[in-house]
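Keep in mind that what you see is a predicted model, and the values were worked out from it rather than measured. Counting convention: from 1, in listed order, for ligands and their atoms alike. Along the sequence shown, the residues carry numbers beginning at 1.
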Amino acid sequence: MSSPAASVRSALRKYLILPKLISLSRAAPKDRAVAWDRYWAGIAKTGARSEVLWDSGTDHEVLGYREVLERHFDPGLPVVDVGCGHGGFSRALAGFYPQVLGVDVSAHAVARARDEAAGMDNVSYLARDMTEPGAGTGLREPGDVNVFIRGVLHVLDRADQAALMENVLELVGEQGTVFLAETNFQGNPVEYVSHLGASRGNIPAPLELAIRKLPMPGRFGPEELARVLPAERWTLLEDGTATIETNPMTEASGDSLVPGYFAVLRKRQ
Ligand SMILES: C[S@@+](CC[C@H](N)C(=O)[O-])C[C@H]1O[C@@H](n2cnc3c(N)ncnc32)[C@H](O)[C@@H]1O
């Protein structure tokens, strides 16, 4: 066991990375939609050991959600994957549901998702900012849909979270259900990047890219949910802890697992 002095020294050592974090994150565009599209435009490869921080390259995480999805999703309804990125989760969901539509603010993400889904006939993609008023229009033909959201709310500010969920409310209608899974790391940005394997001497490349190009993420757990989703409009059916699986960037297995939160919601009838 380490002495209290050694623990303090080790905690302080973590913070030596702070100046580097500040200087890297200064370069990220302030406009979130621009930042995301530039990020995706520069991605040459997805999957495990690629540049995409939140892509574990396996279906392990989504398969872990399957039991919860089966409990709540009407299996006959199409699914809209909001903030689909390169569409890996949309493709996995297309194995269980009749039709999946992935929607993302980044046209470059959508182009990549389409390429990666070539040959699949029940998954399609569309570029749209899901925080814009009325963004759900045309996405729910012919009727209500289930909505899947993974790793999107924690990258938005509170106003955008509320705006996006307002559109989601429209999408699910009376029959649909929302499943969301989000990063809910309880710590500051230095602790977060340290958890993902960064030190002053080395920041894993996918993490460095995200810090340099994207707005600083937050966390999304039960408190954030309660702040953003008015109880008079939403019914919380189930929630709990989740494990968000990121790209395996270091040899330490725990580094690529981020504490998360999942929730299942329906429009209040
Ligand atoms: C951390 S990534 C997660 C991607 C995907 N859900 C996954 O888990 O692989 C967040 C995604 O949300 C998208 N996004 C951010 N703001 C958005 C918005 N306003 N409307 C739609 N998509 C958005 C980004 O372009 C990005 O692809």
Side-chain angles (χ1 to χ4, degrees), residues 28-43 46-48 50-62 64-65 79-94 100-114 116-117 123 125-137 139 147-168 171 178-185 192 196 206-207 209-211 213-220 228 242-247 256 258 260-262:
K30 298 292 166 264
D31 182 308
R32 285 166 191 257
V34 170
W36 279 106
D37 200 44
R38 284 197 197 150
Y39 171 85
W40 282 114
I43 293 295
T46 62
S50 74
E51 304 155 282
V52 182
L53 175 62
W54 48 88
D55 184 7
S56 72
T58 80
D59 287 344
H60 185 261
E61 185 185 322
V62 73
Y65 300 143
V79 178
V80 177
D81 179 10
V82 170
C84 62
H86 69 291
F89 280 80
S90 319
R91 290 191 290 283
L93 292 165
V100 179
L101 171 66
V103 184
D104 200 281
V105 69
S106 163
H108 281 98
V110 164
R112 172 165 287 279
R114 282 190 185 128
E116 294 189 15
V123 58
Y125 296 97
L126 190 73
R128 192 170 289 188
D129 182 344
M130 289 304 293
T131 64
E132 286 293 315
T137 308
L139 304 186
V147 171
F148 179 90
I149 305 174
R150 190 260 189 179
V152 182
L153 294 164
H154 82 286
V155 306
L156 301 177
D157 63 24
R158 210 192 285 182
D160 280 350
Q161 290 169 349
L164 182 138
M165 289 307 291
E166 204 49 41
N167 288 322
V168 166
L171 282 176
V178 183
F179 173 90
L180 62 88
E182 293 287 336
T183 296
N184 187 26
F185 184 84
Y192 184 50
L196 289 171
L207 180 57
L209 188 68
I211 298 169
K213 293 202 149 181
L214 296 172
M216 191 62 82
R219 70 171 78 105
F220 194 89
V228 173
T243 301
I244 303 297
E245 299 181 21
T246 70
N247 215 304
S256 56
V258 180
Y261 171 68
F262 82 88

Open item on the list: Among all protein heavy atoms in this structure, tell me which lies nearest to atom 13 (C) of ligand 1, with the distance rounded to 0.1 Å.
Closed with: Asp104 OD2, 3.3 Å

- [ ] Return yes or no for this condition: an N or O of His154 is under 3.5 Å from an N or O of ligand 1.
- [x] no

Open item on the list: To check your reading of the model: name the closest protein heavy atom to atom 5 (C) of ligand 1, its residue, and the distance in Å.
Closed with: Gly83 O, 3.3 Å

Task: Side-chain donor-acceptor pair present, Glu61, Ser56, cut-off under 3.5 Å - done: no

Open item on the list: Show the atoms of ligand 1 that are less than 4.0 angstrom away from any heavy atom in Arg128.
Closed with: 20 (N), 21 (C)

Task: Per atom 23 (C) of ligand 1, closest listed option by heavy atom (Val105, Asp160, Asp81) - done: Val105

- [ ] Just need the protein heavy atom nearest to atom 9 (O) of ligand 1, so name the residue and atom and give the distance.
- [x] Trp54 CD1, 3.5 Å

Task: atom 7 (C) of ligand 1 [closest protein heavy-atom partner, distance rounded to 0.1 Å] - done: Arg150 NH1, 3.6 Å

Task: Nearest-0.5 Å distance, CD of residue Gln161 to CD of residue Glu182 - done: 8.0 Å

Open item on the list: So, 4.0 Å and heavy atoms of Tyr39: is ligand 1 close enough to count as a contact?
Closed with: no

TODO: Tell me which protein heavy atom sits closest to atom 20 (N) of ligand 1, plus the residue, atom name and distance to 0.1 Å.
DONE: Met130 N, 2.9 Å

TODO: Would you check if the distance from the ring center of Tyr65 to the ring center of Phe262 is below 6.0 Å?
DONE: no

Task: Residue, atom name and distance, where the atom is the protein heavy atom closest to atom 19 (N) of ligand 1 - done: Asp129 OD1, 2.8 Å

Open item on the list: I want to check something: taking the side chain as every heavy atom from C-beta on, are Arg128 and Val110 in contact at a cut-off of under 4.5 Å?
Closed with: no

- [ ] Taking all non-hydrogen atoms of both residues into account, name the closest pair between Ala117 and Tyr125 and its distance.
- [x] CB-CE1, 3.8 Å

Task: atom 10 (C) of ligand 1 [closest protein heavy-atom partner, distance rounded to 0.1 Å] - done: Gly151 O, 3.4 Å

Task: Member of Thr183, Asn184, Thr243 meeting the side chain to side chain contact (heavy atoms under 4.5 Å, CB included) criterion with Val258 - done: Thr183

Open item on the list: Any non-hydrogen side-chain atom of His108 less than 4.5 Å from a side-chain atom of Tyr39?
Closed with: no

Open item on the list: At under 4.0 Å between heavy atoms, is it the side chain or the backbone of Cys84 that contacts ligand 1, or both, or neither?
Closed with: backbone

Open item on the list: Checking side chain to side chain contact (heavy atoms under 4.5 Å, CB included) between Phe220 and each of Leu153, Ile149, Val155, which is the one that passes?
Closed with: Leu153

Task: Heavy atom of the protein closest to atom 16 (N) of ligand 1 (residue, atom name, distance) - done: Leu156 CD2, 3.6 Å

- [ ] Indicate the ring-plane relationship of Trp40 and His86, choosing parallel, tilted or perpendicular according to the 30° and 60° boundaries.
- [x] tilted

